[in-house]
Amino acid sequence: MIETVSTAKAHGGTQGVYRHRSRETGTEMVFSLYLPPQAESGARLPVVWYLSGLTCTHANVTEKGEYRRACAERGLIFVAPDTSPRGDNVPDGEGYDFGKGAGFYVDATQDPFARNYRMYSYLKDELPELIERNFPADMSRQAITGHSMGGHGALTIALRNPARFRSVSAFSPIVAPSQVPWGEKALGFYLGSDRSAWRAYDTVALIEDGARVAEILVDQGTSDTFLEQELKPELLANACAKARIDLTLRMQEGYDHSYYFISTFMEDHLRWHAERLHR
């Protein structure tokens, strides 16, 4: 059962924010969903999932992503979940890059995080079931994208569930969390010291271990301050080349890690997804 937090008309459709009690996280969870005007015809429409990055909630892309016109023109439902469980009783961590706002889209196995930090199962099973029951979503036509930590989430979820998604893309994704400080911190606390367990949540490792999707679109800004230490798109390029995955990696000159960058190329990604969702 969902509670409507707010709705507003936009580009002929409806931008909503919704709340529900999650069986996976044991907390209240909030997500935003844009329903394009084509929903008025009674048709079931394809779904694009957008996963946000560190420190974000559903609100960042909802307020800054500039996706509604493109979704309205192409008949796409756009879903933006939160990045992690919230609440006074949810364990947190020190720093912006771990804990609330930094769930890393994993199912944690280590105490005290294992009870609430189940974002992988939440996005794989629970939230899609809720969307299908409450909105005119065609779950046979799904796409997924995301930014930074959310790009990591989009790529790993797609690689682990290739039959579910017709397309996957990312903006400045963390492609090899096992090899960078952000990921080593988060995966260590959530999953423990056995680094072999981390591979299920590492895009490059998943590809090395045999996971496949047909193609991937990635945009990355050349002026991104996290590029060399945390993002390392060259590792994804090498892994895709070896696995013969069709990777389109676009290095966008002068762009940074912000929503100015994301909003600039959002329509490109939605056009790319729509071509595959409407085939």
Are the side chains of Thr57 and Val30 in touch, meaning some heavy atoms are under 4.5 Å apart?
no
Is any NZ, NE, NH1 or NH2 atom of the basic residue among Arg74 and Glu275 found under 4.0 Å from an Asp or Glu carboxylate oxygen of the other?
no
In short, Tyr67 meets Val61 closest at the heavy-atom pair CE2-O, 3.3 Å
Can you tell me if Asn116 uses its side chain to pair, donor with acceptor, with the backbone of Val90 under 3.5 Å?
no
Is the closest side-chain heavy-atom distance between Thr145 and Val168 below 4.5 Å?
no
Is any side-chain heavy atom of Pro36 closer than 4.5 Å to a side-chain heavy atom of Tyr34?
yes
What is the minimum heavy-atom distance between Thr203 and Pro177, and which atoms define it?
N-CD, 4.5 Å
Can any side-chain N or O of Tyr201 pair as donor or acceptor with the backbone N or O of Ser178 at less than 3.5 Å?
no
Hey, does the side chain of Arg212 reach the backbone of Ile207 with a donor-acceptor pair shorter than 3.5 angstrom?
yes
Is it true that a side-chain atom of Ser169 and a backbone atom of His269 form a donor plus acceptor pair closer than 3.5 Å?
no
Lys124 to Arg164 - nearest heavy-atom pair and separation:
O-NH1, 3.3 Å
List the steps, then state whether salt bridge (Lys or Arg N to Asp or Glu O under 4.0 Å) holds for Glu215 with Arg166.
CA-CA 10 Å; Glu215 54 185 339; Arg166 293 197 182 183; over 6 Å; no
Taking the six-membered ring of Tyr120, is the NZ or CZ of Arg160 close enough (under 6.0 Å from the centre) and on axis enough (within 45°)?
yes
Electrostatic pair Lys242:Glu208 at N-O distance under 4.0 angstrom:
no
Below 4.0 angstrom, N of the basic side chain to O of the carboxylate: do Asp138 and Arg141 qualify?
yes
Does one side chain, of Glu126 or Ser121, offer a donor that lies under 3.5 Å from an acceptor on the other?
no
Could you walk me through whether His147 and Tyr50 satisfy the ring pair (Phe, Tyr, Trp, His ring centres under 6.0 Å) test, starting with their C-alpha distance in whole Å, then the side-chain angles of each, then the deciding distance to 0.1 Å, before giving a yes or no?
CA-CA 8 Å; His147 170 234; Tyr50 178 91; 7.5 Å; no
What distance separates Leu191 CG from Arg199 CZ, expressed to the nearest 0.5 Å?
13.5 Å
Quick one, Tyr18 and Asn134 - any side-chain contact, counting heavy atoms below 4.5 Å?
no
Does Gln142 reach the main-chain N or O of Met139 with its side chain, forming a donor-acceptor pair under 3.5 Å?
yes
So do the side chains of Thr83 and Met149 get within less than 4.5 Å of each other, counting heavy atoms only?
yes
Using modelled atom types only, decide if a donor and an acceptor are shared between the side chain of Ser84 and the backbone of Gly101 within a distance under 3.5 Å.
yes
Hey, does the side chain of Tyr117 reach the backbone of Pro91 with a donor-acceptor pair shorter than 3.5 angstrom?
yes
Please report whether the ring centroid of Phe265 lies less than 6.0 Å from that of Tyr255.
yes
With a 3.5 Å distance limit and no angle check, can you tell me whether Arg68 reaches the backbone of Ala10 through a side-chain donor-acceptor pair?
no
Tyr122 and His20: CA distance, side-chain angles, deciding distance, ring pair (Phe, Tyr, Trp, His ring centres under 6.0 Å) verdict:
CA-CA 12 Å; Tyr122 175 71; His20 73 104; 5.7 Å; yes
Exam field: side chain Thr222 to backbone Gly254, donor-acceptor pair closer than 3.5 Å
yes
Donor-acceptor under 3.5 Å (Ser148 side chain, Gly150 main chain)
no
Do Pro233 and Val175 come within less than 4.5 Å of each other through their side chains, counting heavy atoms only?
no
Could you tell me the separation between the CD1 atom of Ile157 and the CD1 atom of Ile144, rounded to the nearest 0.5 Å?
4.5 Å
Flag side-chain contact, heavy atom, 4.5 Å: Leu76 against His278
yes
Can a donor-acceptor pair be found between the side chains of Asn238 and Glu234 at a distance below 3.5 Å?
no
Pro173 and Leu231, any side-chain heavy atoms less than 4.5 Å apart
no
For His257 and Trp182, take the angle between the two ring planes, folded into 0 to 90°, and tell me which bin it lands in: parallel under 30, tilted 30 to 60, perpendicular over 60.
tilted
Tightest non-hydrogen contact, residues Ser167 and Arg276, listed as CB-CD, 3.7 Å
Tell me whether Arg195 is salt-bridged to Glu184, with the criterion being a basic N under 4.0 Å from an acidic carboxylate O.
yes
Mind checking whether Tyr190 and Phe98 have ring centres under 6.0 Å apart?
yes
